[in-house]
Amino acid sequence: MTDPIQRRDFIRKAALAGAGIAGMPALLANGSANEKLVVAIMGTNSRGAALCEGFAKLPGAEVAYVCDVDDQAMAKGLKAVQQGGQKTTPKGVKDFRRALDDKAVDVLVIAAPDHWHAPASILALKAGKHVYVEKPCSHNPREGEVLLDAARRYNKVVNMGNQRRSWPYVVEGIQAVKNGVIGRAYYAKAWYANTRQSIGKGKPAPIPAGLDYDLWQGPAPRRDYRDNLIHYNWHWFWHWGTGELLNNGTHFIDLCRWGLEVDYPTRVSSQGGRYAFDDDWETPDTQLTNWDFADRKSMSWEGRSCNGRNVESISGGVAFYGEKGTLIINGNGYTIYDNKNKELKKVSGDQTNPLNATGPGFDLDVDHLTNFRDAIRLGKRPNSSIEEANKSVLLCHLGNIAHRTGRVLNCDPVTGKILNDPDAMKLWGREYAKGWEPAV
């Protein structure tokens, strides 16, 4: 087997040798490609704290701002930068827009709640910054369209945090599917299982000291503070979150789409609901979603937020089925079987626990962060460019719209738009707090 470090170097070089962004300068905002990448990080309670440490460790990068609306979360981010070994201390600010005002900042990293992802990205692009945005890149399909328009207009690198696009053995496994190792691949299945507990029935409560709840809501229309919302349970409310399908499903649906080499579906259906508990949780805890594509291909998603029984001995993964066999992605590795269920090949790299809310750790983050840094320096398209990321996120949004409407969606395979269903298209976008509407 090839040495893992050599393989990583090969994949990085191959990715950067790919399609460049037309007209994009090679470009840190303040000078040559050899200068330091100056970073501001927004949202540092969980995943954001991991990114604070990751960018602090990344050669050629410096975290200049840690931005969070909660004093305690900001403290986590500042501590994480220190743990990453950075010698300088970042500025801590509650309003990330103060960091955007600083011309020395090159990049905004966004790990705030989902309803912030696209609006903050667009503001950063308008301020001349590159963007690293956690998955999903939007709260609804319309935001994805506006974000894509903004990335093109302002000619900056926008990279989504679906880091499996840069994991060496995942890249190798996907390429094997494309190369026909299981014959023509025609079906891909993704899954994620966890054992989340009830969030209960929330009650109106005083806003905690140190939390700017108005700024936390930001683009979302205002709702009163409740005691079962912050800092994680917002995922399960449509007003701020996007449910498990976009929370964890984005990673795996992206791999399915990548391996099958499909873009937009012809038909989408979704069944499920909130089955495990009777509480305030709005999004499905159990969801079965299907996408049909042209050229006789399909994908499915099984999400179980409150029953952690594994599939294929892993809590989250992807299986590709083809004419001659099956390939299963497991962490940063893969296994190939023939149609008689005989194991033909197993490749195992660094493993990760997909249940870790802070992400896979620096050892697996580093490839994605490095690729993002180098894409900025060299004016190249990153591994998870917004053009590709938005297609995968849109599939997940369509799954949720099918679930919320309770019917099959027929879609335009060229654009992904929902056909002949005005009621479903009402969920294509959302209302915003006055003055926060995202616009290019």
Side-chain angles (χ1 to χ4, degrees), residues 41-51 66-77 94-96 110-120 133-140 143 192 194-250 273-287 303 305-306 355-359 396-397 400 403-404 427 430-434 436 438:
I41 300 179
M42 173 194 182
T44 59
N45 185 64
S46 178
R47 177 61 181 152
L51 289 169
V66 168
C67 315
D68 201 284
V69 298
D70 186 314
D71 288 342
Q72 293 184 11
M74 187 190 301
K76 288 183 182 179
K94 284 198 169 182
D95 191 334
F96 75 100
I110 302 162
D114 293 359
H115 69 284
W116 263 114
H117 287 188
V133 58
E134 273 301 311
K135 49 75 193 169
C137 60
S138 63
H139 177 266
N140 55 73
E143 285 185 353
Y192 178 82
N194 202 337
T195 308
R196 303 187 190 278
Q197 300 304 307
S198 173
I199 66 171
K201 302 280 188 178
K203 302 180 295 296
I207 297 171
L211 171 66
D212 186 336
Y213 181 57
D214 186 68
L215 188 55
W216 183 89
Q217 295 194 83
R222 296 300 180 261
R223 290 191 176 177
D224 292 339
Y225 182 83
R226 298 178 72 82
D227 62 6
N228 66 341
L229 174 63
I230 296 174
H231 276 292
Y232 196 81
N233 291 338
W234 56 263
H235 280 93
W236 322 125
F237 294 88
W238 294 117
H239 194 68
W240 302 284
T242 53
E244 201 76 87
L245 181 52
L246 284 108
N247 180 40
N248 277 292
T250 300
R274 177 54 168 163
Y275 295 155
F277 300 101
D278 179 16
D279 57 10
D280 287 341
W281 185 310
E282 296 174 350
T283 64
D285 64 34
T286 306
Q287 190 170 12
S305 298
C306 300
L355 302 185
N356 183 350
T358 63
C396 298
H397 284 313
N400 276 342
H403 167 80
R404 296 176 74 179
L427 295 173
R430 71 165 307 165
E431 293 183 357
Y432 294 90
K434 187 177 181 180
W436 281 105

To the closest 0.5 Å, what do you measure between [atom1] ([X]) and [atom2] ([Y])?
X: His397; Y: Arg404; atom1: NE2; atom2: CZ; value: 11.0 Å
X: Asp68; Y: Ile41; atom1: CG; atom2: CD1; value: 11.5 Å
X: Thr250; Y: Tyr192; atom1: OG1; atom2: OH; value: 12.0 Å
X: Glu244; Y: Asn194; atom1: CD; atom2: CG; value: 6.5 Å
X: Thr242; Y: Lys135; atom1: OG1; atom2: NZ; value: 8.0 Å

Are [X] and [Y] close enough that some pair of their side-chain heavy atoms sits under 4.5 Å apart?
X: Asp70; Y: Asn45; value: no
X: Cys306; Y: Arg274; value: yes
X: Pro136; Y: His117; value: yes
X: Trp238; Y: Leu427; value: no
X: His403; Y: Leu245; value: no
X: Trp216; Y: Leu229; value: yes
X: Ile199; Y: Phe237; value: yes
X: Glu143; Y: Pro119; value: yes

Of the non-hydrogen atoms in [X] and [Y], which two are nearest, and what is the gap between them?
X: Met42; Y: Ala120; result: SD-CB, 3.7 Å
X: Trp436; Y: Gly218; result: CD1-O, 3.2 Å
X: Gln217; Y: Arg223; result: OE1-N, 2.8 Å
X: Ala205; Y: Tyr225; result: O-CD2, 3.4 Å
X: Gly202; Y: Asp227; result: CA-OD1, 3.3 Å
X: Cys67; Y: Thr44; result: O-CG2, 4.2 Å

For side-chain contact (heavy atoms from CB on, under 4.5 Å), just list the numbers for Gln72 and Leu211, CA-CA rounded to whole Å, side-chain angles, deciding distance to a tenth of an Å, and then say yes or no.
CA-CA 8 Å; Gln72 293 184 11; Leu211 171 66; over 6 Å; no

With His235, the side-chain hydrogen bond (donor to acceptor under 3.5 Å, both in side chains) member among Asn248, Asp114, Asn247
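When side-chain hydrogen bond (donor to acceptor under 3.5 Å, both in side chains) is applied between His235 and each of Asn248, Asp114, Asn247, only Asn247 qualifies.
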
Trp281: which of Asp279, Thr283, Asp285 passes side-chain hydrogen bond (donor to acceptor under 3.5 Å, both in side chains):
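The passing option is Thr283.
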
Flag for Asn228-Asp280: side-chain donor and acceptor within less than 3.5 Å
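There is such a pair between these side chains.
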
Would you check if the side chain of Lys94 reaches a backbone N or O of Met74 as a donor-acceptor pair within less than 3.5 Å?
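Not at all, since once roles are kept as given, no pair shorter than 3.5 Å links the two residues.
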
In a check of side-chain contact (heavy atoms from CB on, under 4.5 Å) between His239 and each of Glu282, His139, Arg430, which one passes?
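With His239 as partner, side-chain contact (heavy atoms from CB on, under 4.5 Å) holds for just one option, Arg430.
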
Evaluate Ile110 against Phe96 for side-chain contact (heavy atoms from CB on, under 4.5 Å), listing each step before the verdict.
CA-CA 10 Å; Ile110 302 162; Phe96 75 100; over 6 Å; no

Ring geometry between Tyr232 and Trp234 (parallel below 30°, tilted from 30 to 60°, perpendicular above 60°)
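Rings of Trp234 and Tyr232: tilted, as their planes differ by 30° to 60°.
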
